[in-house]
Amino acid sequence: MKGNEVIAEAAIRCGCDGYFGYPITPQSEIMETLMAREPWKETGMVVLQAESEIAAINMVYGAAACGKKAMTSSSSPGLSLKQEGLTYLAGAELPCLVVDVARGGPGLGTIQPAQSDYFQATRGGGHGDYHLLVLAPASVQEMNDFVALGFELAFKYRNPVMILADGVIGQMMEKVRLDDRVPRWSDEDIERISGEWALTGKKNERARHVVTSLELDSYKQEEFNHKLQAKYRRMETEDVRHEELSCDDADYIFVAYGSSARVCQKSVQLCREQGIKAGLFRPITLYPYPRLPLQALARRVKGFLAVEMSAGQMVDDVRLAVNATAPVEHFGRYGGVIPTPDEIVEALKKQIIKA
Amino acid sequence: MSVELKEIIKEENIVYRKTPALTGNVMHYCPGCSHGVVHKLIAEVVEEMGVRDKTIGVSPVGCSVLAYNYIDIDWTEAAHGRAPAVATGISRLHPGKFVFTYQGDGDLASIGTAEVMHACNRGENIVIIFVNNAIYGMTGGQMAPTTLVGQVTSTTPRGRDVKLNGFPMKITELLARLDGTGFVTRQAVHTPPAIRKAKNAIRKAFENTKKDKGTSFIEIVGTCSSGWKMTPVEANRWMVEKMFPEYPLGDIKDI
Ligand SMILES: Cc1ncc(C[n+]2csc(CCOP(=O)(O)OP(=O)(O)O)c2C)c(N)n1
Ligand code: SF4
Ligand SMILES: [Mg+2]
């Protein structure tokens, strides 16, 4: 199946309550697949084409405020428009899932794949001190897996979760094992899971629920920000994910996520064939970033090459983690261009090995 | 012959009481502001229909952002102008609930034009309460899309000039033209008869939700004494003389 189609299928199967989206290449198949599947007949899941990405994310906000599993998807220019909604979701502590199948920018840019949304994904993206929890799939299987995982984490932290994919992963066809169907949450489930805050209609025995990100008292707003920061620290201890390939004996390490990581797998193999002990460190959560395991590697390797389909965004996090313990360089192709395994190996030799 | 106060305050003498759907929190609105009256009417309607436990409100960005402090129901606050999209999300996933937005003219007719147009065009089964005071009250009295020609605001200090700023926007008439709206009306709350009519309109809008009659849209032409720099009495007079000719009261559509 195609990565985008798998997102749609996984959403239905994990009991998602509502999808709201606006067409944009290279991810339109997500909504198209949902519309063709008509999940409202099967599970009652709502699928609605909104008038804009702004409306779509605000529909997600409304659905999420009711304690429902709500999601949207888009690609880079659409993500820019969703940032307002995302900061409100984070500020109101609402769980939801956002999929970004990124393409090249800036501006209207290109419809070809890119990883230049890293900053807007991991730094919050909108105004205020907040973060999304960001998952970066590197296969169609992970497109499937991260939908259910994304909702789980979104509700664990009451925070928006983003799946940051790119045009390669979205359009790629691979074999995939789909999850078993999980029924949508009943009213009782929502009462049990989110009964303290969800909008379910004020019953006599409880106080009214108010979902808002407004706090006029700056001391209380600071206190709320402390709470958010504590939540992000908890993510850092409990939900950092990464994967290592041939790192145990490696002298040099490629750091790459998503489709860049797939290309780097081949580069590792090419290096090994040439007698260069290379490995691949693949962050799976981009926020929180797997800082500690990278730091541990930095103490014993000769250098890192951050490989991205961008002019250099994730490399900042590599540098922060490595903290000058070992050399860190960046190699990128961007604007919709995908790097080849060979040019990555050449870049490693030229920029890091330098022999 | 003198009458003791406690002889007057008796159950059988009570002709008016605060509806329990109002929280009792002291409202932050300026003297002469229309928002408080509109809140009261919504609270009364929800209480009288017995649907407090099924009603969800969406408050805007504007002076009425804190509406959730006053009406004792479940609420969410929406980003500036986005309330109709938020209400869409709620209503689609809670088909049996009474979902309404409460929005000012800047919120609904300027930054939120797209959201309100499309919610109405889809015929979302929601109620939209639109308080048009021809100004941005909350941010200190700047021009709104509904500001009258010649009206002085802090960003039109010499009066609204159509060459520069265009014309007062009659968004309510525009929305009435969309097939998705079922009931569209313009009301005011400046006199007891007007208040009764406005309340009937709100009641009808909520009843329409039960019948799934499309989007119900109620504009309330209101005052902003602070933004207009008038006393409450002057503001009411100005509203009747200047605003009603531009924004005539009455039902625009009722199917
Ligand atoms: C995105 C965004 N832009 C601007 C503002 C500032 N702002 C707050 S309220 C408001 C206008 C409110 O006017 P209106 O909707 O007419 O409500 P009123 O206060 O008159 O009831 C503006 C521009 C904001 N909060 N968010
Ligand atoms: S500024 Fe205007 S709209 Fe705001 S509370 Fe005062 S009178 Fe009401
Ligand atoms: Mg106003």
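Protein chains get the first letters and strands the later ones, always in sequence-line order, with residue 1 at the start of each.
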What do you reckon, is [atom1] of [X] surrounded by more than 12 foreign heavy atoms closer than 6.0 Å?
| X | atom1 | answer |
| --- | --- | --- |
| D179(A) | CG | yes |
| F206(B) | CZ | yes |
| E196(A) | CD | no |
| I14(B) | CD1 | yes |
| I111(A) | CD1 | no |
| R206(A) | CZ | yes |
| N25(B) | CG | yes |

How close do [X] and [Y] get, heavy atom to heavy atom, and via which atoms?
| X | Y | answer |
| --- | --- | --- |
| Y88(A) | E77(B) | CE2-OE1, 4.0 Å |
| L199(A) | W75(B) | CD2-O, 3.3 Å |
| A85(B) | A55(A) | CB-O, 3.6 Å |

*Check whether V65(B) gets within reach of chain A through its side chain, its backbone, both or neither, counting any heavy atom under 4.5 Å.*
side chain
Given a strict heavy-atom distance threshold of 4.5 Å, which part of [X] is in contact with chain B: side chain, backbone, both, or neither?
| X | value |
| --- | --- |
| A92(A) | neither |
| I57(A) | neither |
| T200(A) | both |

*Any side-chain heavy atom of R208(A) within less than 4.5 Å of one from T23(B)?*
yes
_Less than 4.5 Å apart, side chain to side chain, heavy atoms only: is that true for L214(A) and L66(B)?_
yes
Quick check for you: to the nearest 0.5 Å, what is the distance between [X] atom [atom1] and [Y] atom [atom2]?
| X | Y | atom1 | atom2 | value |
| --- | --- | --- | --- | --- |
| E205(A) | D53(B) | CD | CG | 9.0 Å |
| N121(B) | E51(A) | CG | CD | 9.5 Å |
| E124(B) | M59(A) | CD | CE | 6.5 Å |
| T88(B) | Y61(A) | OG1 | OH | 14.5 Å |
| K54(B) | K202(A) | NZ | NZ | 13.5 Å |
| R92(B) | L48(A) | CZ | CG | 4.5 Å |

*Residue among D74(B), T76(B), I73(B), I56(B) satisfying side chain to side chain contact (heavy atoms under 4.5 Å, CB included) with H209(A)*: D74(B)
*Flag the one option from A65(A), G85(A), C66(A) with the top tally of heavy-atom pairs under 4.5 Å to chain B.*
C66(A)
*asked:* Under a 4.5 Å cutoff for heavy-atom pairs, which residue among M45(A), E84(A), K203(A) has the most contacts with chain B?
replied: E84(A)
*Would you say H94(B)'s side chain and G201(A)'s backbone share a donor-acceptor pair under 3.5 angstrom?*
no
